[in-house]
Amino acid sequence: MPDIKPINYMHVAEPRLAVVDVVDADDDTALAVQALLATQWTTATADRTTREPGKTGARLRAATST
């Protein structure tokens, strides 16, 4: 997927919190990854993905807590 942006690391100030950016070719796969994360950790889930005009791939951000 040539249109994928590089991963940028960010500091999360809250202990035991992780922010996961999911980028995939389609909505169904990105949402399936989010659902898998939610089976293991408390996860704030999104009901849809976002897209950048003219770019390939579906994106979502999930915040998880252990």
Holding to side-chain contact (heavy atoms from CB on, under 4.5 Å), I want the full list of residues that pass it with D27, two or more places apart in sequence or in another chain. T49, R51, A58
Quick one: list whatever passes side chain to side chain donor-acceptor pair (under 3.5 Å) with T50, sequence neighbours left out. none
Donor-acceptor list for residues 33-40 side chains, cut-off 3.5 Å, not counting sequence neighbours:
from	atom 1	to	atom 2	distance (Å)
Q34	OE1	A46	N	2.7
Q34	NE2	A46	O	3.0
T39	OG1	L36	O	2.6

